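The structure appears below as structure tokens.
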Amino acid sequence: MARKFFVGGNFKMNGSLSSIKEIVNNLNNATLDATVEVVVAPPALYLLQVREALRSGIEVAAQNVFDKPNGAYTGEISVEQLKDSKIHWTILGHSERRTILRESDEIVASKTKYATENGVSVIWCCGESLEEREAGRTVEVVTRQLEALKAKISDWSRIVIAYEPIWAIGTGKVATTEQAQEVHKAIRGWLTGVSAKVADETRILYGGSVNEKNCGELSKQPDIDGFLVGGASLKPAFIDIVNCLQ
Ligand SMILES: O=C(COP(=O)(O)O)NO
């Protein structure tokens, strides 16, 4: 089947009420490729503002959730409360949470299980450090992360995978099309071990210094089904990335 191209915008911990309002206005007024699925992930404090102001057809995502029902979990973000707010996506396992906040493969997998089994779709992130790449361990690392996920989930239909080499995030050093396609192909091959259907239907996004200049070439790669965009998602050029297939 043809996988619907997917572009996610990860605002990370950036923005203000006014700057987020400007981003929403830009998106609301833009002509967007209707064949592309677009999801934007503002900081948690702005989720409701964005959901209420953003045009229909663009989904809103949290950047993290907790893997328990509502309760005594100070500071955490509830799946149920996201759904109550008409927010049906979350990013999970971003490298910044795996490294800075020490989220293990197992914690990320548990959160992904809880979210997908309770009606929230997940952009599940993976990727290697520069040291791991230089040691030739890229596929080994991504495979380890995928195996931890497979150990906890069985329904892949609410999962979009984002391969984000840590050395390309925020650095301006985008992976070459060959580097990205090589890992995406390896992930696709690993997914065939789950099932041919899962391998065929699961979108695999590339993230790491994507911008309006490099997105076109990357999008032509057979196993790149879209992008998870950081810095450029805060800029008007994000529209050009969404429309990169045109
Ligand atoms: O972390 C990223 C990528 O960030 P940049 O586009 O700023 O490299 N996406 O989740």
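Since the model is a prediction, treat every value here as computed from it, not as a measurement. Note that ligands are numbered from 1 as they come in the structure, with each ligand's atoms numbered from 1 the same way.
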Treating [X] as the side-chain partner and [Y] as the backbone partner, does any N or O pair qualify as donor plus acceptor under 3.5 Å?
| X | Y | answer |
| --- | --- | --- |
| Asp200 | Ala196 | no |
| Glu132 | Thr138 | no |
| Arg55 | Leu27 | yes |
| Asn243 | Thr31 | yes |

| Which atoms of ligand 1 sit under 4.0 Å from any heavy atom of His94? | 1 (O), 2 (C), 9 (N), 10 (O)

| said: Using a 4.0 Å cut-off to any heavy atom of Gly208, which atoms of ligand 1 qualify? | reply: 3 (C), 8 (O)

| task | Would you please indicate yes or no on a ring centroid separation below 6.0 angstrom for Trp190 and Tyr163? | result | no

| message | Quick test of your reading of the model: are Lys113 and Asp67 salt-bridged, counting only N-O distances below 4.0 Å? | response | no

| message | Between Glu128 and Arg137 (salt bridge meaning N to carboxylate O under 4.0 Å), is one present in this structure? | response | no

| said: Does only the side chain of Leu228 get under 4.0 Å from ligand 1, or the backbone, or both, or neither? Count heavy atoms. | reply: both

| request: Mind checking whether Ala168 contacts ligand 1 via backbone (N, CA, C, O), side chain (CB onward), both or neither, at a 4.0 Å heavy-atom cut-off? | output: backbone

Starting from [atom], locate the nearest protein heavy atom and write down its residue, its atom name and how far away it is, to 0.1 Å.
| atom | value |
| --- | --- |
| atom 9 (N) of ligand 1 | Glu164 OE2, 2.5 Å |
| atom 6 (O) of ligand 1 | Gly230 N, 2.9 Å |
| atom 7 (O) of ligand 1 | Gly231 N, 2.8 Å |

| query | Quick one: does Gly8 get within less than 4.0 Å of ligand 1, heavy atoms only? | reply | no

Between [X] and ligand 1, is there a nitrogen or oxygen pair with a distance under 3.5 Å?
| X | value |
| --- | --- |
| Lys12 | yes |
| Val229 | no |
| Gly170 | yes |
| Ser209 | yes |
| Ile169 | no |

| How long is the gap from CD1 on Ile20 to CD on Gln49, to the nearest 0.5 Å? | 6.5 Å

| Do the side chains of Val122 and Ile58 join up, straight or via other hydrophobic residues, at under 4.5 Å, putting them in one cluster? | yes

